[in-house]
Amino acid sequence: MANLTEISRNRIHGGQQLRFRHRAESLQCDMVFGVFLPPQAETGPVPVLYWLSGLTCSDENFTQKAGAQRLAAELGMAIVCPDTSPRGTDLPGEHDHWDFGSGAGFYVNATQAPWSKHYNMYDYVTRELPALVETALPVTDQRSVSGHSMGGHGALMCALKDPDRYVSVSAFAPICHPSVTPWGIKAFSHYLGEDRNDWRDWDATQLVCHVDKQLPILIDQGMDDEFLGEELKPGSLEQACICTHHPLDVRMQDGYDHSYFFIASFIDDHLRYHARELGLLQK
């Protein structure tokens, strides 16, 4: 663990909730991430669910609000929670808006200055962080990925761009078609430039039309989500999946909003979904 500095350690449900700091070469800054290690990790490596959080969040939102550790401890599943953007870079305008810059990396590799030096979140969450975690901690290279809102976009996009890296993917209220939504347009135009042809490789609705390997997708979406119509657009992804025969299950949940109350209500379903694909439960 020479490359990791431990920040905190808390016992929970027989396992350990930890936070680490490390130098992220792909982001050219120091980063913090959280990891839950179940009791089974004390006797051997366990598979991992990577959780990608949403706008304004950090690694701590999921670990403190979702209540996922209880079932993860029973299943023998580790959960790794990266941060949502580079930190400490203080680029011009980076902290001016809640939906862009700090806490809003959108899990893309930026191509435009000044963002391209630091905002390479795709490389970080798909390559650098897993390599570090799998070297330093008792986990396997069997990975699943999930996330919420901007992180749901990230989970879908990462799995569609490189399906061989993951055994399963799910999302809560994901931004399904960022190329046509206010949040996505704002982020993509700054990080990727004004040519919308360059956005296709970072948009789940467009990526699903070109994948070689089809990982089934599970999505939960609250029907009382205030961002449903303008920002999330699950219908666009549904239509693309119908056209390409890509397996997709979108569960519209009556009365639920965009909050972590919604996530906590259905997180066990998602953990079991991933556990079956990771070989921790019978299918």
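All values below were derived from every heavy atom in this structure, side-chain atoms included, with hydrogens, water molecules and symmetry-related copies excluded. Throughout, numbering of the chain's residues begins at 1 and tracks the sequence.
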Strictly by side chain to side chain donor-acceptor pair (under 3.5 Å), give each pair with a member in [range] just once, sequence neighbours left out.
| range | value |
| --- | --- |
| residues 176-190 | Asp99-Lys186, His177-Asp203, Ser179-Asp203, Ser179-Gln206 |
| residues 224-237 | Gln221-Asp225, Asp225-His258 |
| residues 111-122 | Glu94-Tyr119 |
| residues 64-73 | Gln17-Gln69, Glu60-Gln64, Arg70-Glu74, Arg70-Asp268 |

Answer yes if the ring centres of Phe100 and Tyr191 are under 6.0 angstrom apart, and no otherwise.
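Close enough - the centres of the two rings lie under 6.0 Å apart.
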
Could you tell me whether His148 and Phe62 have their ring centroids closer than 6.0 angstrom?
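Not under 6.0 Å, so no.
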
Under 4.0 Å between a side-chain nitrogen and a carboxylate oxygen: does that hold for Arg23 and Asp30?
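Answer for the salt bridge query: yes.
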
Look at Lys283 together with Glu277 and state whether they make a salt bridge at an N to O cut-off of under 4.0 Å.
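Salt bridge flag = yes for Glu277 with Lys283.
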
List in chain and number order the residues that pass side-chain contact (heavy atoms from CB on, under 4.5 Å) with Asp220, two or more places apart in sequence or in another chain; answer none if no residue qualifies.
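In terms of side-chain contact (heavy atoms from CB on, under 4.5 Å), with neighbours along the sequence ignored, Asp220 is linked to Phe172, Arg251, Gln253, Phe262, Phe266, His270.
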
List for me each residue that meets side-chain contact (heavy atoms from CB on, under 4.5 Å) alongside Thr135, sequence neighbours excluded, and say none if there are none.
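Per chain and number, Thr135 pairs via side-chain contact (heavy atoms from CB on, under 4.5 Å) with no residue.
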
Relative to each other, are the rings of Phe106 and Phe188 parallel, tilted or perpendicular (30° and 60° limits)?
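It falls in the perpendicular class, over 60°.
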
Any side-chain donor paired with an acceptor under 3.5 Å for Asp90 and His95?
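Yes.
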
Just checking, any donor-acceptor pair under 3.5 angstrom between side chains of Thr5 and His22?
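No, His22 and Thr5 have no side-chain donor paired with an acceptor closer than 3.5 Å.
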
Please identify each residue that fulfils side chain to side chain donor-acceptor pair (under 3.5 Å) with [X], with sequence neighbours left out.
| X | result |
| --- | --- |
| Arg200 | Asn197 |
| Glu42 | Arg11 |
| Ser53 | Trp51 |
| Asp123 | Asn109 |

Looking at every heavy atom in both [X] and [Y], which two are closest together, and how far apart are they?
| X | Y | value |
| --- | --- | --- |
| Cys176 | Thr205 | O-OG1, 2.7 Å |
| Ala72 | Leu271 | N-CD1, 4.1 Å |
| Gly105 | Ser85 | N-CB, 3.8 Å |

Under the salt bridge (Lys or Arg N to Asp or Glu O under 4.0 Å) test, residues paired with Asp249 that sit two or more places apart
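Per chain and number, Asp249 pairs via salt bridge (Lys or Arg N to Asp or Glu O under 4.0 Å) with no residue.
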
Side chain to side chain, Glu134 and Arg143, heavy atoms closer than 4.5 Å:
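SC-SC contact between Glu134 and Arg143 confirmed.
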
Please list, one pair per line, the donor and acceptor atoms closer than 3.5 Å that link side chains of residues 209-216 to other protein atoms, with sequence neighbours excluded.
residue: Lys213; atom: NZ; partner: Asp164; partner atom: OD1; Å: 3.4
residue: Gln214; atom: NE2; partner: Thr244; partner atom: O; Å: 3.2

Quick check: are there more than 12 heavy atoms from other residues, nucleotides or ligands sitting under 6.0 Å from CZ of Arg127?
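Yes - once you tally the heavy atoms of other residues, nucleotides and ligands closer than 6.0 Å, there are more than 12.
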
